[in-house]
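These numbers were taken from a predicted model, which means no experiment stands behind them.
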Amino acid sequence: MKTTLLISTYNWVEALELVMDSALSQSRLPDEILIADDGSDDTTKSFIEEFRKKCEIPMQHIWQEDLGFRKAKILNKAIAKSNSEYIIQVDGDCIIHKNFIKNHLNEAQKGLYLYGSRVNILPDFVDSIFLKKKIIFNFFSKEIKNRTRAIHIPFLSKFYKKTNRISNKFRGCNVSYWREDFISINGYNEDFEGWGREDSDLVIRLSNNGVKAKRIRYAAIVFHIHHKIKSKQNFDLNDKMQNKTVENNTVRISNGINQYL
């Protein structure tokens, strides 16, 4: 099956470069790379144009005007342009393990979405990894915390069971799903603006539509580059919208991907 690696980004070229380097270092390359850009300036555009010259994988840069945090909208726009059956999604501040794509695909099943582990890179080492352009980490790496999450033994992920409930371990920076499942619920709800809940709302609606979840710990690992926390001024409003999704058992929303298909 064809697979898209979907990377969301906003004005952080140093991090995006490491994420892209890790994408091209995969043991199993994706069939295409989509960069969902929520309004970055020309520095990001220039970087992507240069990076494309060394990238043999088809790559698209999908950009929208910077009108605040509108991650839900730009991800919908990007997925609308995907030519693949399966979407593997990360954030532009998450370096991916060399077997990340392979691990997601090995666990992919119809009627299922997957989510993996996030290891945090410590603040004191961020400048160093940028300088060294480091993309390889493991349990013993001095730059990380949550180091048990960096253990890579994919066989152990087989013991995690499917569930129809969202886990508090779920992170939208490391998730994969079938494009047809995404479209069937009309994708991300673009009513979510500002940081928070757009990813969890998506998988709650997938679950409401019969798609089960599976955690793939000990496989499909991302290494999150520390940064300042984004503004949470819209979080309470977004939290209320997600609560309504739960209360109403919502599946399909109106303000979604259909406007780009």
*Asks:* Do the rings of Y113 and Y115 sit parallel, tilted or perpendicular, given the 30° and 60° boundaries?
*Replies:* tilted
*Asks:* Under a single-linkage definition using a 4.5 Å side-chain heavy-atom cutoff for Ile, Leu, Val, Met, Phe, Trp and Tyr, are I257 and Y177 assigned to the same hydrophobic cluster?
*Replies:* yes
*Asks:* So do I166 and F170 actually touch side chain to side chain, heavy atoms under 4.5 Å?
*Replies:* yes
*Asks:* Under 4.5 Å between side-chain heavy atoms, counting indirect links through other Ile/Leu/Val/Met/Phe/Trp/Tyr residues: same cluster for L112 and L6 or not?
*Replies:* no
*Asks:* Out of curiosity, E198 CD to Q242 CD, how far, rounded to the nearest 0.5 Å?
*Replies:* 10.0 Å
*Asks:* Could you grab the distance from atom CG of D21 to atom CG of L16, nearest 0.5 Å is fine?
*Replies:* 9.5 Å
*Asks:* Where do N11 and S40 come nearest, in terms of heavy atoms and distance?
*Replies:* N-OG, 2.6 Å
*Asks:* Judged by atom type as modelled, is there a donor-acceptor pair below 3.5 Å linking the side chain of R205 to the main-chain atoms of G187?
*Replies:* yes
*Asks:* Could you check whether K142 pairs with D124 (Lys NZ or Arg NE/NH1/NH2 to Asp/Glu carboxylate O, under 4.0 Å)?
*Replies:* no
*Asks:* What is the distance from atom CG of N138 to atom CD1 of I144, rounded to the nearest 0.5 Å?
*Replies:* 7.0 Å
*Asks:* For residues I221 and F137, determine if any side-chain heavy atom of one lies less than 4.5 Å from a side-chain heavy atom of the other.
*Replies:* no
*Asks:* Side chains of L24 and E56: closer than 4.5 Å at any heavy-atom pair?
*Replies:* no
*Asks:* Report the C-alpha separation of I35 and M59 in whole Å, then their side-chain angles, then the decisive distance to 0.1 Å, and conclude whether the side chain to side chain contact (heavy atoms under 4.5 Å, CB included) test is met.
*Replies:* CA-CA 8 Å; I35 302 174; M59 183 168 66; 4.0 Å; yes
*Asks:* Answer yes or no: is there a donor N or O on one side and an acceptor on the other, between the side chain of R147 and the main chain of F139, under 3.5 Å?
*Replies:* yes
*Asks:* Flag the pair E17 and K133 as a salt bridge only when some basic side-chain nitrogen lies within less than 4.0 angstrom of an acidic carboxylate oxygen.
*Replies:* yes
*Asks:* Does a side-chain heavy-atom distance below 4.5 Å link I135 with S25?
*Replies:* yes
*Asks:* Please evaluate residues I253 and D191 with respect to the criterion side chain to side chain contact (heavy atoms under 4.5 Å, CB included), reporting the C-alpha separation (whole Å), side-chain torsions for both, the decisive distance (0.1 Å), and the verdict.
*Replies:* CA-CA 9 Å; I253 42 80; D191 290 344; over 6 Å; no
*Asks:* On a heavy-atom basis, which atom in G39 and which in D66 lie closest, and how many Å separate them?
*Replies:* O-CB, 3.4 Å
*Asks:* Keeping to residues at least two apart or across chains, list the salt bridge (charged side-chain N to carboxylate O under 4.0 Å, His left out) pairs with something in residues 241-261.
*Replies:* none
*Asks:* With a 4.5 Å cut-off on side-chain heavy atoms, are R215 and S167 touching?
*Replies:* no
*Asks:* Give a yes or no answer on whether the side chain of R179 reaches the backbone of I79 with a donor-acceptor pair at less than 3.5 Å.
*Replies:* yes
*Asks:* Is there a donor-acceptor pair under 3.5 Å between the side chain of D37 and the backbone N or O of I62?
*Replies:* no
*Asks:* Looking only at heavy atoms, what is the nearest atom pair of P30 and I57, with distance?
*Replies:* O-CG2, 3.6 Å
*Asks:* Donor-acceptor pair, distance only, cut-off 3.5 Å: does the side chain of N186 make one with the backbone of N258?
*Replies:* yes
*Asks:* In terms of hydrophobic clusters joined by side-chain contacts under 4.5 Å, are F125 and F223 together?
*Replies:* no
*Asks:* Identify which one of N255, D201, D199 satisfies the side chain to side chain donor-acceptor pair (under 3.5 Å) criterion when paired with Y188.
*Replies:* D199
*Asks:* Would a hydrophobic clustering, with Ile, Leu, Val, Met, Phe, Trp and Tyr connected at side-chain separations under 4.5 Å, put L122 with I95?
*Replies:* no
*Asks:* Decide yes or no for H152 and P154: does some side-chain heavy atom of the first lie under 4.5 Å from some side-chain heavy atom of the second?
*Replies:* yes
*Asks:* Can you name the nearest heavy-atom pair linking A36 to I74, along with the distance?
*Replies:* C-CG1, 3.7 Å
*Asks:* For the CD atom of Q26 and the CG atom of N103, what is their distance to the nearest 0.5 Å?
*Replies:* 8.5 Å
*Asks:* Under the 3.5 angstrom rule, does the side chain of R165 hit a backbone N or O of S207 as a donor-acceptor pair?
*Replies:* no
*Asks:* Working note: I185 + L202, criterion side chain to side chain contact (heavy atoms under 4.5 Å, CB included); need CA distance, chi angles, decisive distance, verdict.
*Replies:* CA-CA 8 Å; I185 64 170; L202 176 81; 3.8 Å; yes
*Asks:* Would one find more than 12 heavy atoms of other residues, nucleotides or ligands at under 6.0 Å from atom CD1 of I136?
*Replies:* no
*Asks:* Measuring only between side-chain heavy atoms, which start at C-beta, is D91 closer than 4.5 Å to V19?
*Replies:* no
*Asks:* Do the ring planes of F51 and F47 sit parallel (below 30°), tilted (30 to 60°) or perpendicular (above 60°)?
*Replies:* tilted
*Asks:* State whether E190 and K77 are salt-bridged, where the test is any N-O pair (Lys NZ or Arg NE/NH1/NH2 against Asp/Glu carboxylate O) under 4.0 Å.
*Replies:* no
*Asks:* Quick check against the 3.5 Å criterion: does N76 have a side-chain atom that pairs as donor or acceptor with the backbone of Y260?
*Replies:* no
*Asks:* Any sub-3.5 Å donor-acceptor pair from S141's side-chain atoms to E143's backbone N or O?
*Replies:* no
*Asks:* Do side-chain atoms of N248 reach the backbone of T250 as a donor and acceptor pair under 3.5 angstrom?
*Replies:* no
*Asks:* Where does the angle between the aromatic ring planes of Y86 and W178 fall among parallel (under 30°), tilted (30 to 60°) and perpendicular (over 60°)?
*Replies:* perpendicular
*Asks:* Minimum heavy-atom separation for N83 and E32, please, with both atom names.
*Replies:* N-OE2, 2.9 Å
*Asks:* Just by distance, no angles: are the side chains of K162 and Q109 close enough, under 3.5 Å, to form a donor-acceptor pair?
*Replies:* yes
*Asks:* Following the transitive rule for hydrophobic clusters with a side-chain heavy-atom cut-off under 4.5 Å over Ile, Leu, Val, Met, Phe, Trp and Tyr, establish whether L206 and I87 coincide in one cluster.
*Replies:* yes
*Asks:* Any sub-3.5 Å donor-acceptor pair from N209's side-chain atoms to V251's backbone N or O?
*Replies:* no
*Asks:* Verify whether one side chain among Y218 and K158 offers a donor that lies under 3.5 Å from an acceptor in the other.
*Replies:* no
*Asks:* Test V90 against L5 for side chain to side chain contact (heavy atoms under 4.5 Å, CB included), laying out the working first.
*Replies:* CA-CA 8 Å; V90 299; L5 178 62; 4.2 Å; yes
*Asks:* Any non-hydrogen side-chain atom of V203 less than 4.5 Å from a side-chain atom of V211?
*Replies:* no
*Asks:* A quick test of your reading: do over 12 heavy atoms of other residues, nucleotides or ligands sit less than 6.0 Å from NZ of K45?
*Replies:* no
*Asks:* Starting at CD of Q89, measure out to CZ of R171 and round the result to the nearest 0.5 Å.
*Replies:* 14.5 Å
*Asks:* Give me the atom names and distance for the closest heavy-atom approach of S8 to L75.
*Replies:* CB-CD2, 4.1 Å
*Asks:* Could you grab the distance from atom CE of M20 to atom CD1 of I96, nearest 0.5 Å is fine?
*Replies:* 9.5 Å
*Asks:* Would you call K71 and D38 a salt bridge, taking side-chain N to carboxylate O under 4.0 Å as the test?
*Replies:* no
*Asks:* Check whether more than 12 heavy atoms from other residues, nucleotides or ligands sit under 6.0 Å from atom NZ of K98, and answer yes or no.
*Replies:* no
